[in-house]
Each structure stands twice: as C-alpha cells, then as structure tokens.
Amino acid sequence: MIQHAIELVSPDDYAAITDVWEASVRATHHFLTEAHIQFFRPLVQHSYLKDVDLRCIRSEAGAILGFAGVAGTRLEMLFIHPAARGQGTGRQLLRYAIETLGIYEVDVNEQNQQAVGFYEHMGFRTFHRASVDSLGNPFPVLTMRLLRKTA
C-alpha cells in the first residue's frame, strides 16, 4: 500500500472533489437513479462540502484520488475515485480521520454493501438502522460506530 500525503481541501478544489464524488457514487451506489445523482451533485458541490472538514489524497500528478469529510466525531463523506479503489486510499483516509480528527461514527447506505463491509473490516459495527435516508428516500441508512482500532 502506497502512503500518500493527506492534504486540506480548499474551495478551489470543490469542482474536482465533486467529480470524484460522482465517479465514486456511480461505481458503488447502484441503487441511485440518474435523477438522484443529478439532484445531489449541486448540493454536494455548493452546500455539503462547506459543512465538513475536508481532506484529500492526490496522485503524483495532482489529481484527487479520494477525500474524506468530517464534522465533529462523525465521518460524513469518504469517496474514492474508481481508478484508485483497492489501493489503500480509503483505508489511509479513514485511519487519518480516526487517529487525527477523532471520528468514531459514520452513516452508510445499507445498499452499498462494499462500504458496509469496508467499515466492518475497519472495526465499525452497526448500532442503528433507519429505513429511509435523511431526505426521506427509501434508502436504509446504517449508523456505525468504531468498536476497535482499525486494521
């Protein structure tokens, strides 16, 4: 696993971050329709990113490979570009969020089984399930808490 520097994200990076978000969602959130993606994209870029402490990992060429957004003790966002998946980027960002930013809780779409498995592997366990997301959509959300140090 290659270790990359973790950097702060500036508002100048929001368009690139949103592109990574969309690519990641298209690769992992198969339960979302095109209309859902188009609905969320401007919210992500112009609202949601402002509400979190954002960190990213870049390639040697400067492209954003993945990012994490934290609010308090919660990981609100962790998205990895599909081309960077399986290379340790998500694990590195999550460890950083736990060890440096102090997170221990995350909400995960239940239908995104790859993410659920990743967080379980990293020591998180489900302690609450909501049958709908925060906007009332029929996408169950699992709230997971860290029970042990990460792998």
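As the structure is a prediction and not an experimental result, all values here were calculated from the model. Below, each value reflects all heavy atoms present in this structure, side chains not excepted, and no hydrogens, waters or symmetry copies.
Shown here are the side-chain hydrogen bond (donor to acceptor under 3.5 Å, both in side chains) partners of Q114, two or more places apart in sequence or in another chain: R85. Taking S134 as the reference, nothing meets the side chain to side chain contact (heavy atoms under 4.5 Å, CB included) condition, with sequence neighbours excluded. Residues forming a side-chain hydrogen bond (donor to acceptor under 3.5 Å, both in side chains) with D13 (at least two apart in sequence, or on another chain): R58. Taking Y104 as the reference, nothing meets the side-chain hydrogen bond (donor to acceptor under 3.5 Å, both in side chains) condition, with sequence neighbours excluded. Applying the side-chain hydrogen bond (donor to acceptor under 3.5 Å, both in side chains) test to E76 and every residue at least two apart in sequence or in another chain returns R74. With sequence neighbours excluded, no residue forms a salt bridge (Lys or Arg N to Asp or Glu O under 4.0 Å) with D51.
A heavy-atom distance below 4.5 Å is not found between the side chains of V108 and F124. Residues L94 and I103 are in side-chain contact: their nearest non-hydrogen atoms beyond the backbone lie under 4.5 Å apart. R125 places a side-chain heavy atom less than 4.5 Å from the side chain of E120.
Without hydrogens or angle criteria, T126 side chain to H128 main chain gives no donor-acceptor distance under 3.5 Å.
Nearest heavy-atom pair, R91 versus F118, reported as atom, atom and distance to 0.1 Å: N-CZ, 3.8 Å. Of all heavy-atom pairs spanning S24 and P82, the tightest one is N-CD, 4.0 Å.
Through ILVMFWY side-chain contacts below 4.5 Å, V141 is grouped with nothing and stands alone. The hydrophobic side chain of F127 is isolated, with no ILVMFWY side chain under 4.5 Å apart from it. Residues V9, Y14, I17, V20, W21, V25, F31, L32, I37, F39, L43, V44, Y48, L49, V52, L54, I64, F67, M77, F79, L135, F139 make up the rest of the hydrophobic cluster containing F40, defined by ILVMFWY side-chain heavy atoms closer than 4.5 Å, directly or through other members.
Among residue pairs with one or both ends in residues 126-141, those qualifying as salt bridge (charged side-chain N to carboxylate O under 4.0 Å, His left out) are E110-R129; sequence neighbours excluded. Within the structure, salt bridge (charged side-chain N to carboxylate O under 4.0 Å, His left out) pairs that include any residue of residues 20-30 comprise E22-R26, E22-R41, R26-E34 (at least two apart or interchain). Screening residues 138-147 for side chain to side chain donor-acceptor pair (under 3.5 Å) gives E105-R145, D107-T143 as the qualifying pairs, with residues at least two apart or on separate chains.
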